[in-house]
Amino acid sequence: MPNFLNTKSRRRLSAAALAAGVAGLAFSGGVMTNVVPSVAQPVQLEAPTQNFGFADVVERVSPAVVSVRVRGEEPRAAMSRSEEYASPFDNLPEDHPLRRFFDFGNPGGPGQGPGLRGPGQRRGGGDGPRAAMSQGSGFFISDDGYLVTNNHVVEGGSTYTVILDDSTELSAELVGTDPRTDLALLKVDDAERTFTYVEFADDSAVRVGEWVVAVGNPFGLGGSVTAGIVSARGRDIGAGPYDDFLQIDAAVNRGNSGGPAFNLEGKVIGVNTAIFSPSGGNVGIAFAIPSSTAQSVVQSLRDNGEVSRGWLGVQIAPVTEDIAEAVGLENDQGAIVTLPETNTPASDAGIRTGDVITQVNGRDVATPRELSRTIAAFAPGSEIEIGLWRNGEEQTVTVTLGDLSSLDESASANRSGGGQQVPTDPSSLSGYGLTLTPSEEGEGVVVTDVDPDSEAATRGVQAGDVIVAVNGTEVSDQEGVENALREASDAGRRAALFQLRSGDQNRFVALPISGS
């Protein structure tokens with residue numbers, strides 16, 4: 001039982017203990033001896049047997065983690081990230097001892113917004129085309145020399161050098177890259193060596209709050225170790241359609257790109273690829289590609305030198321609560337088709353604008369991002385079942401997927417664009433704050449004015465938008481819009497789904513039915 005005695009009680013106890021101790025002393029030949037010990041002795045604790053640090057994990061995995069040095073040519077015209085985000089250390093003298101910590105160029109990476117960047121490093125100088133060197137991290141996944149890093153570390157490189165934890169430098173060849181997930185695979189050929197390697201963990205079992213250890217090459221300081229926890233799962237940072245990052249708070253800086261994030265079993269749960277950093281340094285927010293994604297991409301690169309993904313061929317958007325209400329769905333799950341491309345697997349299967357994709361092969365899909373990842377996981381040519389919500393009913397269509405890698409990226413640039421010419425003779429749509437007029441092209445109704453205090457303005461409807469359909473019914477004049485709204489009201493709907501087109505882009509906006 002804990003001792004919660006106050007000070008006075010302790011004094012009384014000490015005096016009593018002393019008296020008892022003296023009473024137990026006897027004199028033998030002038031030497032005072034303790035005949036009956038009655039004073040408690042301090043407890044002697046054994047040294048703890050459990051190691052609460054990370055030393056054991058680091059000792060096992062460090063030989064598998066490497067620094068990656070890449071050389072290539074970089075056009076001088078390309079602005080570096082260090083030029084975009086000026087640092088007070090940018091003008092340090094050439095011989096200043098701190099200069100090597102701050103002399104960085106473009107780190108690359110998938111981040112698109114200010115403060116979001118891949119934690120790689122790149123250096124260069126001079127006018128015109130310049131020899132550039134980038135540095136990052138990587139790790140072996142096999143004993144014969146295959147190693148993983150980031151695509152943005154090797155991008156634009158012509159020679160690749162791998163530096164082991166004992167400072168040995170070895171040449172490597174680029175096996176393949178996958179820019180969509182920012183992964184790359186290198187191969188070191190050395191018949192005399194058997195490399196220490198690490199395994200991928202099952203990231204589906206990773207929980208927020210678990211320990212994570214990052215090992216890498218920040219600022220060129222190879223073999224650096226930091227630790228933290230998994231802060232979040234499933235992060236979308238705008239890097240691409242397959243965003244599903246682990247967020248960690250272990251310190252990750254420039255040069256950590258491509259390095260592994262380990263669990264306490266020494267298995268890789270993620271590949272460090274980006275940091276959020278308004279200042280350019282670590283602020284405790286880093287993002288790692290989950291091991292499940294990395295493992296499948298790397299295996300494809302190892303087998304084929306490239307990654308093949310299934311392709312559906314639709315533009316999609318999230319299903320909001322308003323959209324779900326407007327189309328009669330019980331919840332805001334799935335992805336609404338804003339525009340099926342022509343001559344695509346989706347259009348061939350009969351998928352139309354306004355359809356809500358809710359399932360793939362009987363498995364629910366909650367978001368557009370989940371749909372993209374699910375489709376991409378299938379091999380081109382796969383035949384799958386797509387579950388749809390159309391006109392208030394569930395439907396299923398069979399789709400044979402195409403090959404995403406075969407897409408002509410210039411196709412979208414060749415579509416006709418430009419602003420919509422607004423005809424005259426507008427009229428008002430009572431109760432909605434919209435002024436409409438028929439389109440000169442005969443398809444849809446043009447919005448010529450929006451009341452700034454209306455729900456339509458709040459939800460992003462703008463002058464120049466073309467109303468193509470209302471609740472799946474195509475409209476060509478204001479009467480068609482009003483009839484569609486009346487039908488929705490008679491059906492008990494509290495909102496109507498407007499399909500809007502601006503240039504060559506479609507989107508859906510749900511507006512509360514006036515008077516409901």
Side-chain angles (χ1 to χ4, degrees), residues 176-181 183 202-204 234 236 240-244 289-319 323-324 327-412 415 472 506 508:
T177 66
D178 182 42
R180 293 178 183 272
T181 56
L183 288 167
D202 177 8
D203 68 84
S204 65
D236 181 354
Y242 311 119
D243 280 17
D244 186 29
I289 304 162
S291 57
S292 57
T293 300
Q295 191 168 14
S296 62
V297 168
V298 167
Q299 188 62 50
S300 184
L301 291 175
R302 187 171 178 175
D303 293 342
N304 309 309
E306 62 180 5
V307 179
S308 296
R309 294 184 172 90
W311 172 54
L312 185 59
V314 290
Q315 294 180 18
I316 50 180
V319 176
I323 289 177
V327 301
L329 279 170
E330 294 182 358
N331 51 54
D332 56 352
Q333 304 290 302
I336 188 167
V337 177
T338 61
L339 184 67
E341 307 284 350
T342 57
N343 300 321
T344 67
S347 62
D348 292 344
I351 296 177
R352 306 196 302 242
T353 301
D355 288 342
V356 178
I357 298 176
T358 58
Q359 291 186 331
V360 175
N361 280 353
R363 176 185 172 185
D364 292 342
V365 289
T367 64
R369 185 179 57 179
E370 184 178 348
L371 176 62
S372 296
R373 293 200 307 268
T374 301
I375 295 298
F378 289 99
S382 299
E383 189 173 270
I384 63 172
E385 301 291 326
I386 297 289
L388 302 173
W389 181 261
R390 177 189 294 170
N391 297 330
E393 297 179 351
E394 293 181 347
Q395 299 186 27
T396 302
V397 298
T398 301
V399 181
T400 301
L401 297 177
D403 188 348
L404 185 62
S405 62
S406 66
L407 285 178
D408 180 5
E409 296 182 356
S410 65
S412 59
R415 296 189 198 128
N506 275 359
F508 287 88

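None of the values given here were measured: they were computed from a predicted structure.
By the side chain to side chain donor-acceptor pair (under 3.5 Å) test, Ser292 pairs with Asp203, sequence neighbours left out. For Thr293, the side chain to side chain contact (heavy atoms under 4.5 Å, CB included) criterion is met by Thr181, Ile289, Pro290, Val297, not counting sequence neighbours. Qualifying side chain to side chain donor-acceptor pair (under 3.5 Å) partners for Asn506, counting only residues two or more places apart in sequence or in other chains: Arg501. Evaluation of the side chain to side chain contact (heavy atoms under 4.5 Å, CB included) rule for Ala349 yields Val399 as partners, not counting sequence neighbours. Residues satisfying the side chain to side chain donor-acceptor pair (under 3.5 Å) criterion with Asp202, sequence neighbours excluded, are Ser204. For Ala379, the side chain to side chain contact (heavy atoms under 4.5 Å, CB included) partners at least two apart in sequence or on another chain are Ser382. Applying the side chain to side chain donor-acceptor pair (under 3.5 Å) test to Asp303 and every residue at least two apart in sequence or in another chain returns Gln299. A search for side chain to side chain contact (heavy atoms under 4.5 Å, CB included) contacts involving Pro318 returns Pro368, not counting sequence neighbours.
For residues 370-384, no pair satisfies salt bridge (charged side-chain N to carboxylate O under 4.0 Å, His left out), with sequence neighbours left out. Residue pairs meeting the salt bridge (charged side-chain N to carboxylate O under 4.0 Å, His left out) criterion with at least one partner in residues 308-318, sequence neighbours excluded, are Asp178-Arg309.
In this structure, Ile351 CD1 and Ile386 CD1 are separated by 5.5 Å, a value rounded to the nearest 0.5 Å. In this structure, the separation between OG1 on Thr400 and CG on Asp348 is 9.0 Å, given to the nearest 0.5 Å. Distance check, rounded to the nearest 0.5 Å: CZ of Phe378 to CD1 of Ile384 gives 5.5 Å. One distance of note links CD1 of Ile336 with CG of Leu371; it measures 13.0 Å at 0.5 Å rounding. Distance check: Ser308 OG to Leu404 CG gives 9.5 Å after rounding to the nearest 0.5 Å. To the nearest 0.5 Å, atoms CZ (Arg180) and OG (Ser372) are separated by 10.0 Å.
When all heavy atoms of Ala294 and Leu183 are compared, the pair lying nearest together is CA-CD1, 3.6 Å. Nearest heavy atoms, Asp244 versus Gly234: OD1-CA, 3.2 Å. Among all heavy-atom pairs drawn from Val337 and Ile316, the shortest one is CA-CG2, 4.3 Å. Minimum interatomic distance between Trp389 and Val327 (heavy atoms only, all atoms of both residues): NE1-O, 2.8 Å.
Dense packing is recorded around CD of Gln395, with more than 12 heavy atoms of other residues, nucleotides or ligands lying under 6.0 Å away.
Within the 4.5 Å cutoff, the side chain of Leu312 has heavy atoms near those of the Leu401 side chain. Side-chain contact between Trp311 and Pro345 is present, with at least one heavy-atom pair separated by less than 4.5 Å.
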Chi angles and distances behind the side-chain contact (heavy atoms from CB on, under 4.5 Å) call for Leu301, Val307: CA-CA 6 Å; Leu301 291 175; Val307 179; 3.8 Å; yes

Side chains of residues 355-365: which donor-acceptor pairs under 3.5 Å do they make with residues two or more places apart or in other chains?
| from | atom 1 | to | atom 2 | distance (Å) |
| --- | --- | --- | --- | --- |
| Asp355 | OD1 | Arg390 | NE | 2.8 |
| Asp355 | OD2 | Arg352 | N | 2.7 |
| Asp355 | OD2 | Arg390 | NE | 3.3 |
| Asp355 | OD2 | Arg390 | NH2 | 2.7 |
| Thr358 | OG1 | Gly387 | O | 3.3 |
| Gln359 | NE2 | Asp364 | OD1 | 2.8 |
| Asn361 | OD1 | Glu385 | N | 2.8 |

